[in-house]
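First up is the structure itself, then whatever we jot down about it.
A note on names: the letters A, B, ... follow the listed sequences, proteins ahead of strands, and every chain is numbered from 1. As a basis for the values below, the full set of heavy atoms in this structure was taken, side chains included, without hydrogen atoms, waters or symmetry mates.
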Protein chains: 2
Amino acid sequence: MNVPIIQSCCQPVLSEPLDGGEAIELAAAFKVLADPVRLLLLSLIANASAGEMCACDLVTPTGRSQPTVSHHLSILTDAGLLRREQRGKWVYFRVDPERIAVLRDALAPPSAGVVRNP
Amino acid sequence: MNVPIIQSCCQPVLSEPLDGGEAIELAAAFKVLADPVRLLLLSLIANASAGEMCACDLVTPTGRSQPTVSHHLSILTDAGLLRREQRGKWVYFRVDPERIAVLRDALAPPSAGVVRNP
DNA sequence: TCCTCATATCGATGGTTATCGATGTAACCA
DNA sequence: TGGTTACATCGATAACCATCGATATGAGGA
């Protein structure tokens, strides 16, 4: 997957018209969330007691092969939704809530925080 | 695309662990947003002066064929993100902001409105 | 240095979907 | 009734992506 880093790219969809480039960028960002395994990974990591999880503990609960889980963790990390930290042989992941907030903000209600006709 | 109606299915992803079914449902919902043409359609309709737009006026600004635009409008309508109203020969669409809010809420910050350990 | 284990990468495959031209359907009008 | 226009559906195609087994990489430990 072509995964650009998720960053604030535009006004909320419902508050101001998107141009073509913004639409492509936002769509790519939502595509990262459009997979059940990736949502499950985000949820597992976000709700882990230490706020982080070892990749080794993410294979079993997702029910996928180790390469598949590694693939999804890469996509989430490339998008900036996860932060990766290697400790010895192990890799730990934690969620970056600010990146998630960018996507959340793109869905803000109409005219929230936007002066349409100043 | 298999497009279930978008409805509140679960606690926010970052606040409580998802189960497999919830993850599948949420992923399908985000998949609806994971296309630039559909985001552009949502944006155009939400920002139209009358709060609605005729399908006939959505072909040119998206730069796609009429069948393709009709296809995407169907997906958005099936998901509940758009409301469809036929008036004579014409079909008008308006955004349902509550359905968008469901997706937005799924991305709520950790523990927002959720008591993790009561 | 060799072995083990955790993770990443590779190559192949099957399923999904965005897209289009052609055509069907249905509303309006003369 | 016949023509025109708006929209939906159909069938085909090309691109994309999740998935896996096999294998490479790289860190620790003996």
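DNA chain C is contacted by no residue of residues 35-43 of chain A, taking any non-hydrogen atom closer than 4.0 Å.
Counting heavy atoms from C-beta outward, A:Tyr92 and A:Ile45 have side chains that stay 4.5 Å or more apart. Side chains of B:Ile5 and B:Asp78 form no contact here, defined as non-hydrogen atoms less than 4.5 Å apart. In this structure, A:Leu82 and A:Asp96 have side chains that are not in contact, with every pair of non-hydrogen atoms separated by 4.5 Å or more.
Within the 3.5 Å criterion, the main-chain N or O of A:Ser70 finds a donor-acceptor partner in the side chain of A:Ser74.
Around CD of A:Glu98, the count of heavy atoms belonging to other residues, nucleotides or ligands within 6.0 Å does not exceed 12.
In this structure, A:Lys31 atom NZ and C:dT17 atom P are separated by 12 Å, rounded to whole Å. A:Asn2 places its CG atom 13 Å from the C1' atom of D:dA15, with the value rounded to the nearest Å. Separating the NE2 atom of A:His72 from the C1' atom of D:dA18 is a distance of 6 Å, rounded to the nearest angstrom. For B:Met1 and D:dC16, the CE to P distance is 18 Å, given to the nearest whole Å.
Look at A:Glu85 and A:Arg87 and you find a salt bridge, because one of the NZ, NE, NH1 or NH2 atoms lies within 4.0 Å of a carboxylate O, short of that distance.
Partner A:Glu52 forms a salt bridge (Lys or Arg N to Asp or Glu O under 4.0 Å) with one of A:Arg84, A:Arg83, A:Arg94 and no other, that one being A:Arg94.
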Under a 4.0 Å heavy-atom criterion, the protein footprint on nucleotides 5-10 of chain C, written with B, S and -, is BSBBB-

Please tabulate, one pair per line, all N/O donor-acceptor pairs under 3.5 Å involving side-chain atoms of residues 18-28 of chain B, not counting sequence neighbours.
unit_1	atom_1	unit_2	atom_2	d
B:Asp19	OD1	B:Gly21	N	2.9
B:Asp19	OD1	B:Glu22	N	2.9
B:Glu22	OE1	B:Asp19	N	3.0

